[in-house]
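Below are the structure tokens for one structure; questions will follow.
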Amino acid sequence: MEILKNKTTLQNYIERQKEMGKKIGFAPTMGALHDGHLSLYKAAKAENDLVISSIFVNPTQFNNVNDLAKYPRTLDFDIKKLEDCGDVDAVYIPQINDIYPEHTESKHFDFDGLEDEMEGKFRPGHFDGVATVVEELFKQVKPDNAYFGEKDFQQLAIIKKLAEKLKLPIHIHGVAIFRNSEGLALSSRNERLTSHQKKEALILHDTLIKVNEWFRIITIPEINKRVVEIFAKAPAMELEYFTIANEETLKETDFFYKDKSYRAFLVVNFGDVRLIDNMHLE
Ligand code: PAF
């Protein structure tokens, strides 16, 4: 596996691959790699000649300095994990100047309102930061296909919109949430949970399963009420939000239409760890 430590090395590498006509699949990450990331690489490997990943903890997408400071940084472990998985041909590890040559600032984007829902209300500026780094990485890596996890479903929708608005010749793929055998959605932030807390955190997935059972049987306001009650009985968990939203517009709904798809979104603060999960509703 090639380790590309700056923009110039990356550009030379990409030029060589493009000359050989290679189809490039790309999965950007912020490191602290887990099996969820490996599922992105597997999907990329199946559809491309070459798989590139990147590791860059992007400061502009953190609206909380504490969260940025505490974000796990495990570069040696990550490189080993990438090498062992065997699906990744090159990893790009840019320096801050490779992404932000002047100021470490986000650009401002209009995603037709997708950015104002859910995470947009709780993490102002977050999606501007994500879109800024993803646009820059796309420009540098020039992939044919790019892969993002459905765990950050709103991020995935926004990146699809980014590619559409900027008319980028990149096909954006969503990859299903990767869960451990008990149902916990894998996340780099889980690193900060003890094994006991990881068991407690299963309440997120268990709640989403119940929501899926209740969906179309009881009303959405009644479901919302029941979810609030579940978390009221779990004092270590602070429910930040629970929303059932239209999968296309991401707008919260109190009422469903038969021909539209819906998804339940759940965000919980567990101590100082913010856990997020979601589920498509059948
Ligand atoms: O999902 C992530 O890990 C990040 O938001 C991304 C897409 C790599 C941008 O920094």
Side-chain angles (χ1 to χ4, degrees), residues 4 7 10 24-41 43-44 51-64 67-75 77-78 81-82 88 90-96 98-100 104-107 109 111 114-115 118-120 122-141 143 145-163 166 168 170-178 185-192 250 265 267 273-278:
L4 310 164
K7 186 171 158 183
L10 171 83
I24 299 178
F26 178 47
T29 80
M30 297 206 295
L33 300 181
H34 49 67
D35 292 352
H37 294 109
L38 301 194
S39 70
L40 302 183
Y41 305 141
V51 177
I52 302 183
S53 186
S54 60
I55 298 179
F56 178 70
V57 181
N58 173 36
T60 63
Q61 71 187 77
F62 289 82
N63 50 325
N64 175 333
D67 199 23
L68 172 61
K70 285 192 180 152
Y71 201 83
R73 288 160 174 87
T74 55
L75 194 55
F77 163 89
D78 291 345
K81 193 149 179 106
L82 288 170
V88 177
V91 58
Y92 176 37
I93 309 173
Q95 303 302 306
I96 187 90
D98 295 322
I99 304 292
Y100 298 102
T104 311
E105 276 172 9
S106 305
K107 293 170 34 177
F109 294 87
F111 294 118
L114 289 177
E115 71 279 26
M118 300 185 290
E119 294 293 280
F122 290 86
R123 304 183 69 189
H126 168 68
F127 289 121
D128 278 340
V130 170
T132 303
V133 72
V134 170
E135 182 188 355
E136 187 54 36
L137 287 167
F138 280 174
K139 267 197 214 147
Q140 296 184 19
V141 176
N145 293 294
Y147 298 81
F148 297 85
E150 285 189 345
K151 184 165 144 317
D152 295 304
F153 193 84
Q154 189 172 8
Q155 166 175 284
L156 169 65
I158 281 176
I159 291 167
K160 283 184 178 162
K161 185 64 89 179
L162 175 82
L166 299 179
L168 302 176
I170 304 173
H171 188 209
I172 310 297
H173 302 255
V175 177
I177 297 178
F178 194 91
L186 294 203
S187 158
S188 304
R189 289 190 173 84
N190 294 354
E191 291 302 306
R192 288 160 51 204
L250 302 184
F265 297 86
V267 178
V273 183
R274 190 170 186 269
L275 299 174
I276 85 171
D277 204 346
N278 68 73

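Counting starts at 1 for both ligands and their atoms, in listed order.
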### Query
Using 30° and 60° as the class limits, which term best fits the ring planes of His37 and His34: parallel, tilted or perpendicular?
tilted
#### Entry: Where ligand 1 meets Val133 - atom numbers and elements under 4.0 angstrom, heavy-atom basis
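Going through ligand 1 atom by atom, the ones under 4.0 Å from Val133 are 9 (C), 10 (O).
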### Query
Are Tyr71 and Phe62 close enough that their ring centres sit under 6.0 Å apart?
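Judged by ring-centre distance (under 6.0 Å), Tyr71 and Phe62 do meet the cut-off.
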### Proximity of Ile159 to ligand 1 by residue part, where a heavy atom lies under 4.0 Å
neither
### Message
Please determine whether a side-chain nitrogen of the Lys or Arg among Arg274 and Glu119 lies less than 4.0 Å from a carboxylate oxygen of the Asp or Glu.
### Response
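Looking at Arg274 and Glu119, the cut-off is met.
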### Message
When you compare ligand 1 with Gln155, is there at least one nitrogen or oxygen pair between them that comes in under 3.5 angstrom?
### Response
yes
### Task
Test Phe26 against every option in Tyr147, Phe138, Tyr92 by the side chain to side chain contact (heavy atoms under 4.5 Å, CB included) rule and name the one that passes.
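Going through Tyr147, Phe138, Tyr92 one by one, the side chain to side chain contact (heavy atoms under 4.5 Å, CB included) with Phe26 is satisfied by Phe138 alone.
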### Message
Just to confirm my output: which protein heavy-atom neighbour is closest to atom 10 (O) of ligand 1, and how far is it?
### Response
Gln61 OE1, 2.6 Å
